[in-house]
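Below: one structure, written as structure tokens.
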Amino acid sequence: MRAIDCLVNVHFGEREQPAWMTKTRDDYFKGPKSMFEPADMSALLDEMDANGVSKAVLMDSLVTPSVTARKFVEAKPDRFVLAMGGVNLLRPVPALRELSAVVNDLPVVYAVVGPSFWGDGQYPPSDAVYYPLYAKCAELDLPLCVNTGIPGPPIPGEVQHPIHLDRVCVRFPELRLCMIHGADPWWEVAIRMLIKYRNLRLMTSAWSPKRLPETLLHFMRTRGAEKIIFASDWPVLRMNRVVPEALGLDLPPEVLDNYLYRNAHEFFFGYHKEQ
């Protein structure tokens, strides 16, 4: 068994979390107090090794760079890489210059944006404010991950409906695009989109595999074997929980390997010459 965990948060313990984040932890995720404690690299590596996770993608940000994430990458470049958020879409030119510089200097395997988490949730991904980011990511051949589905925090969720990516896929066929955090309650729309567009994927970060809908599992067993990517959203969900749950899914061995490893390797890492 082999796996890549495509979304890991080691930055939570770097600063005090806002009240809405602790409320989400307590009321929505029912998570332990330790969720926002500083991350220990040795403990994380032990958890990865115990579950066959060869690499973890660590969240980082242009606005508030994660000291922990970058320290982990520097210490273990064979095990850790970065995902970069924090692009100011309302002032795109300096932000995208900085993104280009960071991608040139650090092992960034994708950029990320959460439509519900900025601009008071008023800009869906079909809005023109995203277009400079789409163009830059396509130019850099850098995959872009976009949150889809209703978010856990008490913030507007409509902007994360997958249908907003329909026009994006039409207008930017060169852009490698991935929906992240599932697509609940719009799974069937997301699946239709995945069938429709060759450049689109979906990541199940923050979803317990045993809670994934049967419609998605059927898609994985049939037309979508190469479309769905595994991630934990650690420490919201621990690898010790989600990897065994994934292994228990009713999936053929080759589909399970695609889900846990191969799809991520090809989509996020396939263009790196060292891979």
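Being a predicted model, the structure only gives us computed values, none of them experimental. Note: hydrogens, waters and symmetry copies are ignored here, and every other heavy atom, side chains too, is used.
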Any donor-acceptor N/O pair, K227 side chain to L194 backbone, under 3.5 Å: yes
For H181 and W207, which heavy atoms make the closest approach, and how far apart are they? O-NE1, 3.3 Å
Under 4.5 Å between side-chain heavy atoms, hopping through other hydrophobics if needed: is there a path connecting I180 to F267? yes
Close side-chain approach of R221 to D250, heavy-atom, < 4.5 Å: yes
For P173, side chain to side chain contact (heavy atoms under 4.5 Å, CB included) partners two or more places apart: none
Could you go step by step and tell me if S54 and Y261 meet the side chain to side chain donor-acceptor pair (under 3.5 Å) rule? CA-CA 9 Å; S54 60; Y261 181 84; 5.0 Å; no
Regarding R198 and E226, does a basic nitrogen lie under 4.0 Å from an acidic carboxylate oxygen? no
Within-4.5 Å side-chain heavy-atom neighbours: V109 and P143: no
Output yes when E139 and K136 qualify as a salt bridge under the 4.0 Å nitrogen-oxygen rule, no when they do not. yes
Under 3.5 Å donor-acceptor, D5 side chain and S232 backbone: yes
Interatomic spacing from OG in S116 to CD in Q122 - rounded to 0.5 Å: 12.0 Å
Cluster check L7, F268: I/L/V/M/F/W/Y, side chain < 4.5 angstrom: yes
If you take all heavy atoms of L247 and M1, which pair is closest and at what distance? CD2-CG, 3.4 Å
With sequence neighbours excluded, tell me which residues meet side chain to side chain contact (heavy atoms under 4.5 Å, CB included) with F117. W20, N147, P151, P153, I155, Q160
Is the number of heavy atoms from other residues, nucleotides or ligands under 6.0 Å of E74 CD greater than 12? no
Run the numbers on E14 and S66 for side chain to side chain donor-acceptor pair (under 3.5 Å), then give the verdict. CA-CA 8 Å; E14 292 181 349; S66 171; 2.8 Å; yes
For the CZ atom of F219 and the CD1 atom of I228, what is their distance to the nearest 0.5 Å? 5.5 Å
Heavy atoms of L251 and L217 approach each other most closely as CD2-O, 4.1 Å
Give the cluster check for V170 versus I191: same hydrophobic cluster or not, with ILVMFWY residues linked at side-chain heavy-atom distances below 4.5 Å. yes
Shortest non-hydrogen contact from R201 to N199? NH1-C, 4.0 Å
Starting from the C-alpha separation in whole Å, work towards a yes-or-no answer on side-chain contact (heavy atoms from CB on, under 4.5 Å) for L202 and I229. CA-CA 6 Å; L202 182 143; I229 293 172; over 6 Å; no
Counting C-beta onward and ignoring hydrogens, is there a side-chain heavy-atom pair between I150 and P185 closer than 4.5 Å? yes
Within 6.0 Å of CG in D120, more than 12 heavy atoms from elsewhere: no
Salt bridge between D60 and R70, side-chain N to carboxylate O under 4.0 Å? yes
Just do the salt bridge (Lys or Arg N to Asp or Glu O under 4.0 Å) check on D257 and R2 with the steps written out, would you? CA-CA 7 Å; D257 183 60; R2 55 184 183 168; 2.9 Å; yes
Please assess M203 against M179 for the test side-chain contact (heavy atoms from CB on, under 4.5 Å), listing each intermediate value before the final yes or no. CA-CA 6 Å; M203 186 191 298; M179 300 176 278; over 6 Å; no
Gap separating the CE atom of M35 from the CZ atom of R238, nearest 0.5 angstrom: 8.0 Å
Indicate if L142 and L58 have the same hydrophobic cluster label, given that clusters are the connected sets of ILVMFWY residues with side-chain heavy-atom separations under 4.5 angstrom. yes
Do T204 and L216 come close enough that some side-chain heavy atom pair is under 4.5 Å? yes
With the side chain counted from C-beta on, respond yes when Y123 and L90 share a heavy-atom pair under 4.5 Å apart, and no when they do not. yes
Between W118 and Y130, how do the two ring planes meet: parallel, tilted or perpendicular, split at 30° and 60°? perpendicular
What distance separates D46 CG from D40 CG, expressed to the nearest 0.5 Å? 8.5 Å
Listed once per pair and sorted, the side chain to side chain donor-acceptor pair (under 3.5 Å) pairs that draw on residues 76-98, sequence neighbours left out: D49-R79
Side-chain heavy atoms under 4.5 angstrom apart, residues restricted to Ile, Leu, Val, Met, Phe, Trp, Tyr: same cluster for V67 and V63? no
How long is the gap from CZ on R167 to OG on S126, to the nearest 0.5 Å? 7.0 Å
Mind checking the CG-CG spacing from L133 to L96? Nearest 0.5 Å is all I need. 6.0 Å
Which label fits Y134 and Y131: parallel for a plane angle under 30°, tilted from 30 to 60°, or perpendicular past 60°? tilted
Do the non-hydrogen side-chain atoms of V108 and V81 ever get within less than 4.5 Å of each other? no
For residues N240 and W234, determine if any side-chain heavy atom of one lies less than 4.5 Å from a side-chain heavy atom of the other. no
SB check E245 R241 (cutoff 4.0 Å): yes
Determine, stepwise, if the pair L177 / V168 fulfils side-chain contact (heavy atoms from CB on, under 4.5 Å). CA-CA 9 Å; L177 192 63; V168 179; 4.1 Å; yes
Donor-acceptor under 3.5 Å (N263 side chain, N258 main chain): yes
Heavy-atom closest pair (A56 atom, V8 atom, distance to 0.1 Å) is CB-CG2, 3.9 Å
Aromatic plane relationship, F230 with Y259 - under 30° parallel, 30 to 60° tilted, over 60° perpendicular: perpendicular
Does the side-chain contact (heavy atoms from CB on, under 4.5 Å) test come out yes or no for L140 and S100, once each step is laid out? CA-CA 8 Å; L140 295 173; S100 297; 4.0 Å; yes
Just wondering, do T148 and H161 contact through their side chains at under 4.5 Å, heavy atoms? no
Other residues, nucleotides, ligands: >12 heavy atoms within 6.0 Å of E188 CD: no
Which atoms form the tightest heavy-atom contact between T24 and G152, and what is the distance? CG2-C, 4.1 Å
